[in-house]
Number of protein chains: 2
Amino acid sequence: MCYKTHYICNIFYYSMLSGKFAITIHILTLLNKFPNDYLSSEYIAGSINLNPVLVRKEIANLKAHHIVESKEGKNGGTKLAVDSSKLTLKEIFEMTFETINLGYAKNQPNPDCPVGKKINQNLDALYAEMNQKVSAQLEGISLDDFSNQF
Amino acid sequence: MCYKTHYICNIFYYSMLSGKFAITIHILTLLNKFPNDYLSSEYIAGSINLNPVLVRKEIANLKAHHIVESKEGKNGGTKLAVDSSKLTLKEIFEMTFETINLGYAKNQPNPDCPVGKKINQNLDALYAEMNQKVSAQLEGISLDDFSNQF
DNA sequence: TTATTTAGTAATAAAAAATGTTACAGTTTT
DNA sequence: AAAACTGTAACATTTTTTATTACTAAATAA
């Protein structure tokens, strides 16, 4: 559910951007509007109103999934590397590591209580079904569909 | 999406428990297992492995929705006040103020950008459809159904 | 009728998560 | 070379979530 932000002394620290999906789809929508240009993180950040470093982090994730390509140096930036009519929101959803659920209690429940012992398992089952429904919805929408609403 | 935790000088402060739904359903499942007893927040907290004060806060929310009733004083506690076969997970979902979504970017996007101007509106529409699907699923499951899995 | 156990809830503290900033090395173009 | 970028580490700040303490009021039981 996370991406690497940095590591110090061989220990990884992760940080999840809760707006990850929203930010990523915003980035992709912009890229799709200008399919021939390399857009800079500064420019994209100006539309999202977000720190450019955070934009570059999301772009790093997209690059890892080969959805975008970027060019360093002057006049560099990022552009789409895939056909936006074939990229579905489901894929974007999965790339941003989101999972639909209604949460879990933070601490491990009491294993000596019949309810505590099984609660997370039963919630998992409920949430899994939820994810299927949501995935089916998102699979039917392409980046291009989404982007054409603007 | 919240419940009142406290207020100071007429200003309300809210805090959302991210495990609110999970905690609430855990509480209700326990109550449904012992429909004739008043269970104490201490006992319930022991099953969830959570601070009793937080359990009482969720119970306060359930009381406000007339789902449970509680009794103060010695041998006091809380018990179900409704028929568990008629209470659906959708109602619990709504009582815990959850909304299914994939998040929003934190800051207000740039209104001068065509994408920034409409992004949240378009996300809203996407998320609204998601909520409908999830609600339909949750409406089909009663507390009793859920509770019988244990 | 007093001690005890419980809910209710305010206030505050602590922990965790999310977001923001600075800094700088490395690339590419002009 | 200078300038404009990406990439990413390190750290700072803010926000959210969870935990704790403390106390009042209510009900029961001894």
Side-chain angles (χ1 to χ4, degrees), chain A residues 1-23 27 37-45 48-64 68-79 96-97 103-108, chain B residues 1-23 27 37-45 48-64 68-79 96-97 103-108:
Chain A
M1 74 187 95
C2 305
Y3 64 88
K4 183 171 58 165
T5 51
H6 54 272
Y7 70 101
I8 306 167
C9 303
N10 281 357
I11 299 165
F12 289 103
Y13 289 87
Y14 291 85
S15 125
M16 168 171 145
L17 209 52
S18 85
K20 212 171 156 62
F21 175 81
I23 289 164
I27 292 169
D37 298 332
Y38 284 91
L39 303 186
S40 75
S41 62
E42 190 83 26
Y43 175 83
I44 295 171
I48 307 181
N49 189 13
L50 188 73
N51 194 289
V53 173
L54 299 178
V55 171
R56 296 204 284 270
K57 280 181 182 166
E58 292 312 313
I59 284 173
N61 184 37
L62 289 167
K63 280 184 68 177
V68 303
E69 57 192 44
S70 41
K71 202 169 73 175
E72 294 190 18
K74 192 164 182 179
N75 297 334
T78 303
K79 71 195 272 292
T96 51
F97 300 96
Y104 299 88
K106 184 193 162 203
N107 302 321
Q108 207 204 319
Chain B
M1 72 189 99
C2 307
Y3 64 89
K4 182 170 58 161
T5 50
H6 56 270
Y7 69 100
I8 308 167
C9 304
N10 282 355
I11 299 166
F12 289 102
Y13 289 85
Y14 291 86
S15 124
M16 167 173 149
L17 209 52
S18 86
K20 212 171 157 62
F21 174 83
I23 289 164
I27 293 169
D37 300 331
Y38 283 91
L39 303 186
S40 76
S41 62
E42 190 82 26
Y43 174 83
I44 295 171
I48 307 181
N49 188 13
L50 187 73
N51 195 290
V53 173
L54 300 177
V55 170
R56 295 203 286 269
K57 280 183 181 164
E58 292 314 312
I59 284 173
N61 184 38
L62 288 168
K63 279 185 68 177
V68 302
E69 58 191 44
S70 42
K71 203 170 69 173
E72 294 189 19
K74 191 162 181 177
N75 297 335
T78 302
K79 70 194 272 291
T96 52
F97 300 96
Y104 299 89
K106 183 192 162 202
N107 302 321
Q108 207 204 319

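Below, chains carry the letters A, B, ... as their sequence lines are ordered, and counting in each starts from 1.
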Distance check, rounded to the nearest 0.5 Å: Lys20(A) atom NZ versus Leu54(A) atom CG? 10.5 Å
In whole angstroms, how far is the P atom of dA4(D) from the CG atom of Leu39(A)? 18 Å
Rounded to the nearest angstrom, tell me the gap between atom CD1 in Ile23(B) and atom C1' in dT18(D). 9 Å
Using whole Å, report how far NZ of Lys57(B) lies from P of dT17(D). 13 Å
What's the closest nucleotide to the side chain of Asn51(A) if the choices are dA7(C), dT6(D), dT21(C)? dT21(C)
CG of Asn107(A) versus P of dT17(D): gap in Å, rounded? 16 Å
If you count the non-hydrogen atoms of other residues, nucleotides and ligands that lie under 6.0 Å from CD in Glu69(B), is the total more than 12? yes
Of the listed dT8(D), dT29(C), dA7(C), the closest approach to the Ala60(A) side chain comes from dT8(D)
Between dT29(C), dG20(C), dT18(D), which nucleotide has the shortest distance from any of its atoms to the side chain of Leu54(A)? dG20(C)
Between atom CD1 of Ile23(B) and atom CG of Leu50(B), what is the distance when rounded to the nearest 0.5 Å? 4.5 Å
Could you pull out all residues at least two apart from Lys63(B) that satisfy side chain to side chain contact (heavy atoms under 4.5 Å, CB included)? Ile59(B), Val68(B), Ser70(B)
Side-chain contact check for Lys63(B): nearest option of dT6(D), dG8(C), dT15(D) is dG8(C)
Mind calculating the distance between CD1 (Ile44(A)) and P (dG7(D)) to the nearest angstrom? 11 Å
Can you check whether Ser70(A) has a side-chain N or O nearer than 4.0 Å to OP1 or OP2 of dC5(D)? no
My understanding is that only residues two or more places apart in sequence, or in another chain, count here; which of them pass side chain to side chain contact (heavy atoms under 4.5 Å, CB included) with Ala60(B)? none
Shortest non-hydrogen separation from Asn51(A) to Ala45(A) and the atoms involved: C-CB, 4.2 Å
Between dT21(D), dG8(C), dG7(D), which nucleotide has the shortest distance from any of its atoms to the side chain of Glu72(A)? dG7(D)
With sugar-phosphate meaning primed atoms plus P, OP1 and OP2, does Ser41(A) contact a base, only sugar-phosphate, or nothing at under 4.0 Å between heavy atoms? sugar-phosphate
Under 3.5 Å, which N/O atoms of the protein pair with N/O atoms of nucleotides 3-5 of chain C?
residue: dT5(C); atom: O2; partner: Lys74(B); partner atom: N; Å: 2.9

Side-chain contact check for Arg56(B): nearest option of dT29(C), dA19(D), dG8(C) is dG8(C)
Options dT15(D), dT29(C), dA19(D), nucleotide nearest the side-chain atoms of Lys106(B): dT15(D)
Euclidean distance, atom CG of residue Asn61(B) to atom P of dG8(C) [Å, nearest integer]: 12 Å
In terms of heavy-atom contacts, Asn75(B) and Tyr38(B) come closest through O-CB, 4.2 Å
Rounded off to whole Å, could you give me the NZ-to-P distance for the Lys71(A) and dG7(D) pair? 13 Å
Using every non-hydrogen atom in the two residues, find where Ile27(B) and Glu58(B) come nearest and quote the distance to one decimal. CD1-CB, 3.8 Å
Ranking dT6(C), dG20(C), dT29(C) by distance to the side chain of Leu50(A), first place goes to dG20(C)
Send over the distance from Glu58(B) CD to dT9(C) P, rounded to a whole Å. 13 Å
